[in-house]
Amino acid sequence: MTADEPIKVLIVDDDAMVRAGLSMILGGVADIEIVAEAGDGSEVPPLVGEHRPDVVLMDIRMPGIDGLTATETLRRTPEPPEVVVLTTFHADAHVLRALRAGAAGFLLKDIAPGDLVQAIRKVAAGEPILSPAVTRQLITHVSDGGVGERGERARKLLDRLSEREREVATAVGQGKSNADIGRELYMSVPTVKAHVSRILTKLGLNNRVQVALLVYDAGS
């Protein structure tokens, strides 16, 4: 996607009224184009292959293949679109699992139209729309088991990082912006961005939300 191209969005929800509402909100936005709609997760892979959306708005609970399975499948493909989970619940084990799979964040279905548009723009620009603080709050309210095993795995992954990268990862997990991290660790914002990029590559992660989840799991 270039600067002068619209953000291509795929809407996935089994409720036709929800799809219609989202389409109505986004249809009049100049820099957003709805390329397709789907009512079930099974429709997602072929539609993504055909339309190459930049952002997928993904409902979690659907008959057939649910949004969680569809998200995990999408994020394993080369150059996947960004996925934003649509939900009616703040604290939900399915939302947390989607974030661990690489979703860029979640939105409540009653989100204000302007906030929805801004969220799509942020995600298309490569920014997660879920702060680490909200992520930690979600984790504390949702118990999905396996914390000990995840903690051991998280610590092993973080051990792959240099001392400086570990400091940056910890700061990301604390919800700090690149500018805040730069001031705290005495480095420029471009240097912070370079460290974050190397962290994502080394650990095989998709975004800063996953870094925050990993730091939390490791107890850092």
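Note that the numbering runs from 1 along the sequence shown for the chain.
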Between atom [atom1] of [X] and atom [atom2] of [Y], what is the distance when rounded to the nearest 0.5 Å?
X	Y	atom1	atom2	answer
K202	S197	NZ	OG	11.5 Å
S23	D13	OG	CG	10.5 Å
L86	I111	CG	CD1	9.0 Å

[X] side-chain N/O to [Y] backbone N/O, donor-acceptor pair under 3.5 Å:
X	Y	value
N207	Q210	yes
R75	P81	yes
T191	M187	no
D66	I60	no
R166	L161	no
T69	I65	no

With a 4.0 Å cut-off, would you call [X] and [Y] a salt bridge?
X	Y	value
D180	R183	yes
E72	R97	yes
D15	K109	no
E167	R164	yes
D217	R100	yes
K8	E33	no

| Residue pair I120, I32: steps toward the side chain to side chain contact (heavy atoms under 4.5 Å, CB included) verdict | CA-CA 9 Å; I120 290 173; I32 294 177; 4.0 Å; yes
| Quick one: side chain to side chain donor-acceptor pair (under 3.5 Å) partners of R52, sequence neighbours excluded? |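 R52 satisfies side chain to side chain donor-acceptor pair (under 3.5 Å) with no other residue.
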| Mind checking whether P53 and V48 have side chains closer than 4.5 Å, heavy atoms only? |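 Yes; the side chains approach each other to less than 4.5 Å.
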| query | Under the side chain to side chain contact (heavy atoms under 4.5 Å, CB included) criterion, do L116 and L22 qualify, and how do the steps go? | reply | CA-CA 9 Å; L116 172 63; L22 292 171; 3.7 Å; yes
| task | For L203 and L214, run side chain to side chain contact (heavy atoms under 4.5 Å, CB included): C-alpha distance rounded to whole Å, both residues' side-chain angles, the deciding distance at 0.1 Å, then the answer. | result | CA-CA 10 Å; L203 302 184; L214 194 71; 3.5 Å; yes
| query | Members other than Y186 in its cluster, when Ile, Leu, Val, Met, Phe, Trp, Tyr link by side-chain heavy atoms under 4.5 Å? | reply |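 Direct or chained contacts put Y186 with none.
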